[in-house]
Amino acid sequence: MDVDGKSSSKGEEEKKNAVVVILVGAPGSGKSTFCDHVMRDTIGNGKAGTKAQCLTNAAAALKDGKSVFIDRCNLDREQRADFVKLGNPQVDMHAVVLDLPAKLCISRSVKREGHEGNLQGGKAAAVVNRMLQKKEFPKLSEGFSRITFCQSESDVQAAIDMYSALGPQNTLPSGSFGQKNPDAKVQLGIMKFLKKVDSPVNAVSKGDSLKDSVTTDKENDSSFIGREELKEVEEVKGVEEVKGGEDLAFSSLESTSSFDNAPTLAFPSISTADFQFDLEKASDIIVEKVFEYVSKLGNARFVLVDLSSGSKILSLVRAKAGEKNIDSGKFLTFVGDITRLYSGGGLRCNVVANAANWRLKPGGGGVNAAIFSAAGPSLETATMERAGSLAPGKAVVVPLPSTSPLFCREGVTHVIHVLGPNMNPKRPNFLNKDYKKGCEVLREAYSALFEGFASIVKSQETSYEEPTGKLGSVRLVSPVDFKIPRKNQISNADRKVKREDVYESERNKKCKGLHEEHGSKTGATNGNDDAQNEKNNGSASKAWGAWAQSLYRIATNPEKHKNDVMEISDDIVVVNDLYPKAKRHLLVLARYEGLDRLADVRKENLQLLRTMHDVGLKWAEKYLSEDKTLIFRLGYHSAPSMRQLHLHVISQDFDSKHLKNKKHWNSFNSAFFRDSVDVMEEIDKFGRATLKDEDILLMELRCHRCRSAHPNIPRLKSHIGNCRAPFPASLLQNGRLLFATDKDGTNQ
DNA sequence: GTTCTAGAAC
DNA sequence: GTTCTAGAAC
């Protein structure tokens, strides 16, 4: 079935409400079923036609004033373009995206016999798999006035109901609806796709499901809002695409583009929720303050975030920002969860503002509860070290410990708590309708917030480790302060000096030196080391088990491991990995006490990273000269199992009996593996490297060259033994991969 | 029946 | 990090 015509009941004037609905989805996603449910009559009797026939039929049906549903896969933009052209000012173009779990599409396709696409049996899985890899979701900019995403059977049913009920007199709101977490990187393995019934791990809905969006829009009587919001989502999608390419799982590889890395502050509207501040007045102040700071802060971006898709404050602010001609590249509004901007929306924000309470404690509700909960207990500890309470109109900058999920998952380096004026009689510091005072305090609050952000931007532009100290009403404290145990109650002025002392003794001394000075410490038992870890991080960081100490021991006493060590210097030790995961797999260990993993690395370690990289390069080149078929990659694991910072230098054949499980594969072939070149760049720019959560290791198995998915390790290994596809473009950039060179110096 | 994964123990 | 092994998947 290619084209279905839905007859408009009667009369000429209904023509203007005719609609072309393009169904977008893989085979087995339920496009035909969708049409069957919505349609009364079908053109083409369910037989497949050519695209040309389909277009002709569709045009004819439209001429008759009928609505048309296009039932082809339409998974890429080019395919859709010709159908979009059918639209004209009298005809709305809609897209319905059936983005159901791959396992469902596959199992349906496999079952189906004699379906027009001739996709039976085993081939179906492969075809669906391939199509899903290449899918390009439709965007409003292609010419659609409405896009409905369906990501579950219930979404599909809701869409069917909606289109079935669509009479000739009514229209549906414009905009894009129902797309959930577009960044669902962690997918279930293919076997799970085929077998299990549960939905994808990341299918989180935050009230933006199809039904919610539609209702919200009705309540707000505005299709305009829907459309505008889509623009925001689209902008964010743009970001996602820039870095994501065709494979979401690899998006972070390319995420270091300068655009994406502009310092960005995400902030909720202060005081307008629980504190009941007037929205009109608040939106004026937001726009006024953003206007003031946007020009001051170079390429820094500001993002106003609200959870609800029908948010009044967002539309007010958007309209007023438009009037003031604020650069839309620097000030965005965003609908979504402020604690999942990157993982849920592809939007990278290094600083997040919290609408805090005066006690700076978790709980309450709204943004404050969400941020404390998402950041984990380390945020509370860190906050309490900065300040015990907060007055209205003030803000406090808190660097996030690298152990915080908000840091690892979302790339947030700082949280700025800000307290606004309160107009709610049930809350502390109630201003009793005194909006003169209220506006004053709200202005002060945004100034403090943006000054805090400015100070972070500034400190990152210059040296990350030289905080500018007190700035306006904002206290900025270097992240290193976390290393000071809480009991050290010292003045702020003393703190900086003290901090450097701590830093000097705990970080910069090399193992060798430390060993001489504190002989007992290096020989300390496991238990003591763990205690040290606990104390230093001020949070429940992963303790290193006894089995995780071997690299640490080698780095500390390389002379005792003469048989294993290939190179020793003051800074590094080179060893072969005891369980190599490829033909060549060696480790460059840092010989610095306290540098246990990438999360511990700061800007002052940049030279060390460069040294490690150069040593790794030297060894890779040596092996490349011996075997020109090898290809090398240098990088770090986001969360290593073994203590002591180590750089992996690993050939890309992955031909090894020691590569046995998903974790092994994904730790070298997902964003969990941080290329050394990217790590150095991030440390240089931001003082920290972005790290991926261990969740990503459970991701499906994909070939690192052609990106095809495989059901299990043995099959993957037999595939990679033969696959000669070129590597993905992202890996070929910036010297992430090292190839042997010909005599004339060109790459092979 | 064999193959493969994933969690616990080390 | 690996090894061991129960039980799921085939």
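All of these numbers come straight from a predicted model, not from anything done at the bench. Numbered from 1 within each chain, the chains take letters A, B, ... in sequence-line order.
- A:W547 contributes atom CH2, which lies 12.5 Å from atom CZ of A:R643 (distance to the nearest 0.5 angstrom).
- The distance between atom CH2 of A:W544 and atom P of C:dG1, rounded to the nearest whole Å, is 9 Å.
- If you check every strand for non-hydrogen atoms under 4.0 Å, A:H664 touches sugar and phosphate atoms only.
- Rounded to an integer number of Å, the gap from A:K657 NZ to C:dT2 P is 12 Å.
- With sequence neighbours excluded, no residue forms a side chain to side chain donor-acceptor pair (under 3.5 Å) with A:D564.
- Side-chain N/O atoms of A:K660 include none lying less than 4.0 angstrom from OP1 or OP2 on B:dC4.
- The aromatic ring centres of A:H704 and A:F654 sit less than 6.0 Å apart.
- The distance between atom CG of A:L701 and atom P of B:dC4, rounded to the nearest whole Å, is 12 Å.
- Scanning residues 579-589 of chain A for heavy-atom distances under 4.0 Å to DNA chain C yields A:Y579, A:K581.
- For A:D653, the side chain to side chain donor-acceptor pair (under 3.5 Å) criterion is met by A:S651, not counting sequence neighbours.
- Distance A:D564 CG to C:dG1 P: 17 Å, rounded to the nearest Å.
- For A:N712, whose side chain is taken as the heavy atoms from C-beta onward, the closest listed nucleotide among B:dC4, C:dT2, C:dT3 is B:dC4.
- Contacts of A:I713 with the nucleic acid, taken as non-hydrogen atoms under 4.0 Å apart, involve only primed sugar atoms and P, OP1 or OP2.
- Residue A:N661 contributes atom CG, which lies 10 Å from atom C1' of C:dT2 at whole-angstrom precision.
- Listed by chain and residue number, A:H648, A:F668 satisfy the ring pair (Phe, Tyr, Trp, His ring centres under 6.0 Å) test with A:H585 (two or more places apart in sequence, or in another chain).
- Taking atom CG on A:L659 and atom P on B:dC4, their separation rounds to 14 Å, with Å as the unit.
- As a whole-Å value, the separation of A:K717 NZ from B:dC4 P is 11 Å.
- Rounded to an integer number of Å, the gap from CD of A:Q549 to P of C:dG1 is 14 Å.
- Scanning for ring pair (Phe, Tyr, Trp, His ring centres under 6.0 Å) contacts around A:F407 gives an empty result, with sequence neighbours left out.
- Among residue pairs with one or both ends in residues 558-581 of chain A, those qualifying as ring-ring contact (aromatic ring centres under 6.0 Å, His included) are A:Y579-A:H658; sequence neighbours excluded.
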Could you run down the sub-3.5 Å N/O contacts of the protein with nucleotides 8-10 of chain B?
{"from": "B:dC10", "atom 1": "N3", "to": "A:W547", "atom 2": "NE1", "distance (Å)": "3.4"}
{"from": "B:dC10", "atom 1": "N4", "to": "A:W547", "atom 2": "NE1", "distance (Å)": "3.1"}

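- By the side chain to side chain donor-acceptor pair (under 3.5 Å) test, A:K618 pairs with A:E567, sequence neighbours left out.
- With sequence neighbours excluded, the residues satisfying salt bridge (Lys or Arg N to Asp or Glu O under 4.0 Å) with A:K622 are A:E626.
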